[in-house]
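Notes follow the structure.
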There are 2 protein chains.
Amino acid sequence: MRSGRITIADVARAAGVSKGAVSFALNQRPGVAVDTRERILRVAADMGWTPDQRARALSTSRALAFGLVIARPPEILAEDAFFPALIAGVEAELVNSGYVLVLQVVTPEGEHDGYRRLARDGRVDGVLLTDLRADDSRIPLLQSLSLPAVTLNRTGSASPFPAIMVDDTPAVTAAVRHLIDLGHRDIAHVGGPKGYVHVVARRTAWAQTLAAAGLPTGELVEGNFSARGGASATRRLLDGPHPPTAIVYASDIMAIAGLAAARERGLDVPRDLSVVGFDDTPLAAHVHPALSTARTDVFGWGRAATKALVTLASGRAQPDVQCPPAELILRDSTGPPRRRRVAAEPSTRSEQGSQE
Amino acid sequence: MRSGRITIADVARAAGVSKGAVSFALNQRPGVAVDTRERILRVAADMGWTPDQRARALSTSRALAFGLVIARPPEILAEDAFFPALIAGVEAELVNSGYVLVLQVVTPEGEHDGYRRLARDGRVDGVLLTDLRADDSRIPLLQSLSLPAVTLNRTGSASPFPAIMVDDTPAVTAAVRHLIDLGHRDIAHVGGPKGYVHVVARRTAWAQTLAAAGLPTGELVEGNFSARGGASATRRLLDGPHPPTAIVYASDIMAIAGLAAARERGLDVPRDLSVVGFDDTPLAAHVHPALSTARTDVFGWGRAATKALVTLASGRAQPDVQCPPAELILRDSTGPPRRRRVAAEPSTRSEQGSQE
DNA sequence: ACTTGCTAATAAACCGGTTTAGAGGCTGGT
DNA sequence: ACCAGCCTCTAAACCGGTTTATTAGCAAGT
């Protein structure tokens, strides 16, 4: 008889009330006298009862879970510190909220199906939208699935969902300004795959800062946030007709690979080339030379986004949220450029580059 | 009336059968004639009906989800490529299995509570146990919660759960042997926090290979899998009374930080110091010098573990599984040691080290 | 012709909560 | 003294599936 777990009926019986009363007491709803409520809760605590979330989920038609669909290719996913940090932040906010995080890693083609599955099976009450694209097809999709969401950053197209934003611009602008102040005139950018709003934001900040300083447009290479991509983008720039004296990367991983690529070519960082990353991976401070980079509080971003999603899921309105912007961390990978204006002969570089 | 979603009752009505018949047809259980089953499934498909997993979860007292509790401190978590790769593998196996992954990131102190919450709320049907410790308190905990589990690697103490194993030993043994063959005699090891079975495995392989070759025990420093830890462990070794000519690290991140630390000291890798990592992070091939390291198929490991967990959760027996072992990848961070036997004077190193 | 034995299908109970409709008891106004 | 109105609490319906007990129908065995 006393076989399985304790149910609400057991508690009701023990407290001498009905199931409904226990439910009301538990959910602190009016209709239960204060002392009755307390007695019920005490009995429940004594018996070690907590409501079964499955039953709860069914009767309230809620899942008590949020979804995070990650559509990055495994290689990129494995290198990037973003998701672990984000997830840690999400969890920090979720603990004791009664919600839980359901993760789904999918291929880029399977992305929509991922959301559809979560919605169809009633697995989640809302989702976090990361890696936002300028015109993001997931927004209409989620609307049609009537699945609430918050977006990390703001998409270009109209969105009915609250945006939780971190502005990358200030750090990139500061980085480029810093390089200009050091005397650099040829500042290239290794960005990410086009379409992503953070990629666009970083690229735009770079381009506009150059333009504002009256400098010519720098060279732009599209990377893919992988080490391999960072290395080959760097080689392309360094082997090009007009190699830059500084490169601003859209990620630390690409920048770190860039460091190695420069070294391969016999270049010394920061003497021959200045390098700036983005993310402030824990590793950034521990490569040689220590990487100057932009830091964002991804953990806090995850927290803020999750908090907003909880609000939204409980039916309350949720305005957009502006998180602290990215900030520039200067370390040892940036310095004044080598004077090269004097003689246009490429002797220095070719001599060393030929070692490779 | 036709308000919300389609339920099993709607399908039953449309197909002219009872709810039970639809359920039986759906779950391919005997008791439904073949043509009836087909008709039901066709009607269901036409109506676009899929069973609500919440309702299913309640009536079958299953959650149709698995849990992964991660207890690493955020800093370590953010750097390490292990979890993203593992999770990608888990998801690859989970897609279309009907199961979903519930993630929980907790502090080391909150670890047990994490499992308790998942069990108490009936959120998951089983868990994956990673970062296994030699005597792991989670095993008795899960037994007392009667939560099925599979362990990634085998714990030291008795365990009723299937172990899905990847043997790190061969790669570390091969690495040390390789270094010995190159002529190294002072081979240090930067390990991980004690207690973890993979940490022990790597350390043991290193120590035993040295012993088998008749070499003295090398120096051992306990790292923490962080870049910072790798850097300071390396400095400790290099600044010690008897600096090694080669260091075998328990992770790539520590090894990469070690590369930078060596450089700081004016040492050239591999001329003055050979370095071997572990993990084969995508970055490993793109640092300078490209890192020799040990590769394990973490993605495949996650898949295998998940497959085993699905079997286990369906009530079938699941034996232990042996996955392919780690394999040594040789790149450019290992080479013959500088001859130092000739003269015991430490001139070479001190001269360069003093640059710092 | 009459059990016996199957198979196919249904009705109803069940999972463990939430929620609604309504019953009783008490207070207060007139 | 009586009814309205409120508060407290209960019984029962409900969420959307699964599962069990039972019935109907039909072929085979004697």
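By convention in this document, chain letters (A, B, ...) are assigned in the order of the sequence lines, proteins followed by strands, and residues within each chain are numbered from 1.
More than 12 heavy atoms of other residues, nucleotides or ligands lie within 6.0 Å of CZ in A:Arg37, so this atom counts as buried by the packing criterion. Around atom CZ of A:Arg39, more than 12 heavy atoms belonging to other residues, nucleotides or ligands sit under 6.0 Å away.
Between A:Tyr99 and A:Asp125 the shortest side-chain heavy-atom distance falls below 4.5 Å. At a threshold of 4.5 Å between non-hydrogen side-chain atoms, the residues A:Leu132 and A:Leu152 do not count as touching. Counting only heavy atoms from C-beta outward, the side chains of B:Leu26 and B:Arg56 approach each other to under 4.5 Å. At a threshold of 4.5 Å between non-hydrogen side-chain atoms, the residues A:Pro162 and A:Val321 do not count as touching.
Residues that satisfy the ring pair (Phe, Tyr, Trp, His ring centres under 6.0 Å) test with B:Tyr115, not counting sequence neighbours, are absent from this structure. Scored by the ring pair (Phe, Tyr, Trp, His ring centres under 6.0 Å) test, B:Phe83 finds no partners at all (sequence neighbours excluded). In terms of the ring pair (Phe, Tyr, Trp, His ring centres under 6.0 Å) criterion, A:Phe24 has no residue partners (sequence neighbours excluded).
The bend of the helix from C:dA1-D:dT30 to C:dT30-D:dA1, defined by the angle between the axes of its first five and last five pairs, stands at 60° to the nearest 10°.
Distance B:Arg37 CZ to C:dT7 P: 14 Å, rounded to the nearest Å.
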### Task
Produce a footprint string for nucleotides 11-20 of chain C: one letter per nucleotide, 5' end first; B if the base is under 4.0 Å from any protein heavy atom, S if only the sugar-phosphate is, - if neither.
----BBBBBB

Which atoms of nucleotides 23-28 of chain D (N or O only) lie under 3.5 Å from a protein N or O atom, and what are those distances?
none

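No engagement by A:Gly122 is indicated, since no non-hydrogen atom pair under 4.0 Å with the nucleic acid exists.
A salt bridge between B:Glu91 and A:Arg117 is absent, with no side-chain N of the basic residue lying under 4.0 Å from a carboxylate O of the acidic one.
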